[in-house]
Amino acid sequence: MAKLRYGIIGTGGAGQGKHLASYAQNPDVELIAVCDIIAAKANQAADRFNVEAAYTDYKEMLREEKLDLVSVATPNHVHAPATIAALQADCHVHCEKPASLTPALVRSMIAARDKSGKKLMIGLNNRFTNWAQFSKAFVEAGSLGEIYHAKCGWKRRRGIPGKGGWFTTKAQSGGGPLIDLGVHFIDVSNYIMGFPKPVTASGQTYSKFADGQAFNPKASGYTGTYDVEDLAVGFVRYENGCTLDLEFSWASNIESEYSYVELYGTKAGLKIERGQVSIFQDFNGTSLDSKAKLKPEGPWGMAECLHYTECIRKNQEPIARPEECVLIMEIINALYKSAEKNAEVKIKL
Ligand SMILES: NC(=O)c1ccc[n+]([C@@H]2O[C@H](COP(=O)([O-])OP(=O)(O)OC[C@H]3O[C@@H](n4cnc5c(N)ncnc54)[C@H](O)[C@@H]3O)[C@@H](O)[C@H]2O)c1
């Protein structure tokens with residue numbers, strides 16, 4: 001197969017740190033063009049990765065460069081329009097998480113993919129970790145028995161991204177830590193459990209650190225918008241009787257940053273804690289705990305980008321499909337609605 005002509009839309013943190021860094025080392029890819037709405041950022045990325053063409057308008061890049069593969073690593077509100085434009089320009093698209101702001105927008109991306117005949121993968125990099133792959137295989141082997149409850153979360157003590165910028169502006173991000181961090185761990189919980197169908201959600205959100213002074217008494221504050229939550233908690237019921245308890249925060253007065261998934265099974269329990277997997281079971285009345293000796297994780301996004309080009313080469317479906325993101329976005333949407341209404345809401349798929 002000839003090398004895939006590659007371009008990227010959005011050359012910020014994820015664009016450079018994950019996509020360009022990974023695709024620059026991918027043997028199936030030739031870096032052709034970068035695009036960022038801020039010319040200085042596009043030029044800096046082009047220099048850093050030795051890419052000839054730099055654009056500030058993605059439509060112009062798509063028109064001029066005849067690309068085969070495009071990454072979308074912009075703020076969340078640009079994901080759907082940029083992905084659809086790239087699919088219409090006959091490109092395979094690797095779009096960052098969250099797929100978009102609403103389930104309806106993700107469905108419009110799926111419709112554009114189906115019309116184009118190209119592949120669309122979402123950047124759910126946690127699925128590609130050794131801890132997620134091990135846990136999924138362990139669950140699929142029946143080793144936990146029936147999973148009847150799960151818990152997941154990612155809490156930061158002080159970690160609001162880009163305060164006053166697009167992350168904290170609902171119209172651009174879709175929400176705070178629930179959509180930003182929750183999308184990863186709600187997804188990975190669903191993925192490991194085999195995508196049970198969610199039926200109701202109950203959520204609450206809090207915004208206690210929008211005021212720069214409350215966040216840090218010595219802070220000089222910030223300018224810009226802060227209209228999203230900094231903590232979200234919730235509870236999801238699935239059709240098979242299983243439940244999921246969740247919590248995501250960018251800022252809380254807790255000991256330190258912490259991420260986890262816990263699965264409660266009838267035969268055994270499984271806990272993923274900061275990338276370590278532990279199994280808890282019982283043998284003849286004696287508790288038996290074990291830890292998986294996982295291989296060290298590779299660089300951020302490397303396994304995901306290699307998987308994607310392999311899927312393109314072999315004409316296979318990628319494992320992080322937008323259809324599964326509709327499910328995640330329906331859950332997140334229902335949690336935000338529930339927080340607004342102060343009541344449990346139904347999820348209609
Ligand atoms: N999978 C992960 O681990 C991970 C980690 C961080 C961020 N992300 C996701 O990646 C995306 C980008 O996040 P980030 O942290 O890199 O943000 P960022 O602000 O660092 O970068 C976004 C870039 O997009 C550019 N941009 C904005 N509008 C544009 C447009 N219309 N056309 C071209 N460029 C445009 C901005 O100028 C900026 O350089 C987000 O969707 C975020 O959720 C994923």
Side-chain angles (χ1 to χ4, degrees), residues 7-23 33-46 48-49 53-63 65 67 70-86 93-101 105-106 109 121-129 132 154 156 159-188 224 228 248 250 259 275 297-305 307-308 320 322 325 328-329 332:
I8 183 163
I9 305 173
T11 60
Q16 294 200 35
K18 176 178 166 184
H19 292 254
L20 278 164
S22 301
Y23 283 119
V34 298
C35 170
D36 197 286
I37 203 164
I38 299 171
K41 286 181 115 176
N43 291 333
Q44 179 268 328
R48 178 177 167 195
F49 291 95
Y55 292 83
T56 53
D57 175 356
Y58 66 77
K59 290 183 185 153
E60 190 187 344
M61 176 179 82
L62 294 170
R63 214 170 35 241
E65 298 292 350
L67 301 169
V70 166
S71 290
V72 175
T74 60
N76 303 343
H77 69 300
V78 185
H79 289 184
T83 294
I84 292 169
V93 183
H94 184 180
C95 175
E96 259 316 318
K97 51 55 64 173
S100 190
L101 306 182
L105 282 167
V106 186
M109 293 159 78
M121 185 173 86
I122 308 303
L124 295 163
N125 44 289
N126 286 288
R127 288 199 192 181
F128 297 86
T129 56
W154 186 346
R156 291 183 183 152
I160 301 177
K163 208 167 178 192
W166 73 264
F167 272 105
T168 61
T169 305
K170 195 170 172 71
Q172 296 178 7
S173 59
L178 177 58
I179 192 165
D180 180 43
L181 306 179
V183 83
H184 279 300
F185 278 73
I186 298 172
D187 174 71
V188 96
V228 297
F248 294 97
W250 279 340
S259 65
E297 303 295 344
W300 183 28
M302 187 65 80
E304 176 185 338
C305 295
H307 168 77
Y308 193 39
C325 299
I328 308 307
M329 288 313 301
I332 288 175

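Atoms within each ligand, like the ligands themselves, are counted from 1 in listed order.
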Requested in this report: Flag G13 as yes when one of its N or O atoms lies below 3.5 Å from any N or O atom of ligand 1, and as no otherwise.
Outcome: yes

Query - Neighbour count >12 (heavy atoms, 6.0 Å) for atom NZ, K59 - result: no

Requested in this report: Mark up the atoms of ligand 1 that fall under 4.0 Å of a heavy atom belonging to G10, in ascending order.
Outcome: 24 (O), 34 (N)

Report summary line: Rounded to the nearest 0.5 Å, the CG atom of L101 sits from the CE atom of M329 at a distance of 7.0 Å

Query raised in the report: How are the rings of W250 and F167 set to each other: parallel, tilted or perpendicular (split at 30° and 60°)?
Result: perpendicular

Query - For atom 13 (O) of ligand 1, the protein heavy atom that lies nearest, with its residue and separation - result: W166 CZ2, 3.6 Å

Query - Atom pair SG (C95) and CE (M109), whose distance is rounded to the nearest 0.5 Å - result: 4.0 Å

Query raised in the report: Do D36 side-chain atoms and A42 backbone N/O form a donor-acceptor pair below 3.5 Å?
Result: no

**Report entry** From H94 atom NE2 to K18 atom NZ, the distance as rounded to the nearest 0.5 Å
**Finding:** 5.0 Å

Requested in this report: Have a look at V93 and tell me which of T83, I9, I84 forms a side-chain contact (heavy atoms from CB on, under 4.5 Å) with it.
Outcome: T83

Query raised in the report: Between the candidates I179, I37, V72, which shows the shortest non-hydrogen contact distance to atom 34 (N) of ligand 1?
Result: I37

Query raised in the report: Which option, A39, C95, A14, owns the non-hydrogen atom nearest atom 7 (C) of ligand 1?
Result: A14

Query raised in the report: Is any side-chain heavy atom of Y58 less than 4.5 Å from a side-chain heavy atom of V72?
Result: no

Report task. Give the single entry among E96, Q172, K97, H184 that approaches atom 10 (O) of ligand 1 most closely by any heavy atom. Result -> E96

Query - Check: Y58 N/O within less than 3.5 Å of ligand 1 N/O - result: no

Report task. Report, in ascending order of atom number, the atoms of ligand 1 lying under 4.0 Å from any heavy atom of N125. Result -> 1 (N), 2 (C), 3 (O)

Report task. Please identify which atoms of ligand 1 are closer than 4.0 Å to at least one heavy atom of F167. Result -> 15 (O)

**Report entry** Polar contact flag for I9 and ligand 1 (N/O pairs, less than 3.5 Å)
**Finding:** no

Query raised in the report: Out of P75, G17, S71, who gets a non-hydrogen atom closest to atom 24 (O) of ligand 1?
Result: P75

Report summary line: Min over A42, G12, S173, G162 of heavy-atom distance to atom 21 (O) of ligand 1 lands on G12

Report task. Using a strict cut-off of 4.0 Å, indicate which atoms of ligand 1 neighbour a heavy atom of W300. Result -> 2 (C), 3 (O), 4 (C), 5 (C)

Query raised in the report: Q16 near ligand 1, heavy-atom distance under 4.0 Å?
Result: no

Query raised in the report: Which is closest to atom 25 (C) of ligand 1 in terms of heavy atoms, T74, T11, D57, D36?
Result: D36

Report summary line: Rounded to the nearest 0.5 Å, the CD1 atom of I38 sits from the CG atom of N43 at a distance of 11.5 Å

Report summary line: Sorted by chain and residue number, the side chain to side chain contact (heavy atoms under 4.5 Å, CB included) partners of K97 (sequence neighbours excluded) come out as I122, L124, D180, V183, H184

**Report entry** Donor-acceptor pair, side chain of Q16 and main chain of T11, under 3.5 angstrom
**Finding:** yes

Report task. Can you sort out which atoms of ligand 1 are near K18, meaning under 4.0 Å from one of its heavy atoms? Result -> 1 (N)

Requested in this report: Below 4.0 angstrom from a heavy atom of K41, which ligand 1 atoms are there? Numbered from 1 as shown, please.
Outcome: 38 (C), 39 (O)

**Report entry** Between OH on residue Y308 and OG on residue S22, distance to nearest 0.5 Å
**Finding:** 14.5 Å

Query raised in the report: Among protein heavy atoms, which sits nearest to atom 41 (O) of ligand 1, and what does the distance come to when rounded to 0.1 Å?
Result: N76 OD1, 2.6 Å

Query - The one among A73, G301, A45 that brings a heavy atom closest to atom 12 (C) of ligand 1 - result: A73

Requested in this report: Number the atoms of ligand 1 from 1 as they appear, then name those within less than 4.0 Å of a heavy atom of G123, with their elements.
Outcome: 1 (N)

Requested in this report: Please round to the nearest 0.5 Å and tell me the distance separating atom NE2 of H307 and atom CE of M302.
Outcome: 15.5 Å

Query raised in the report: For ligand 1, is there an N or O atom under 3.5 Å from any N or O atom of I38?
Result: no

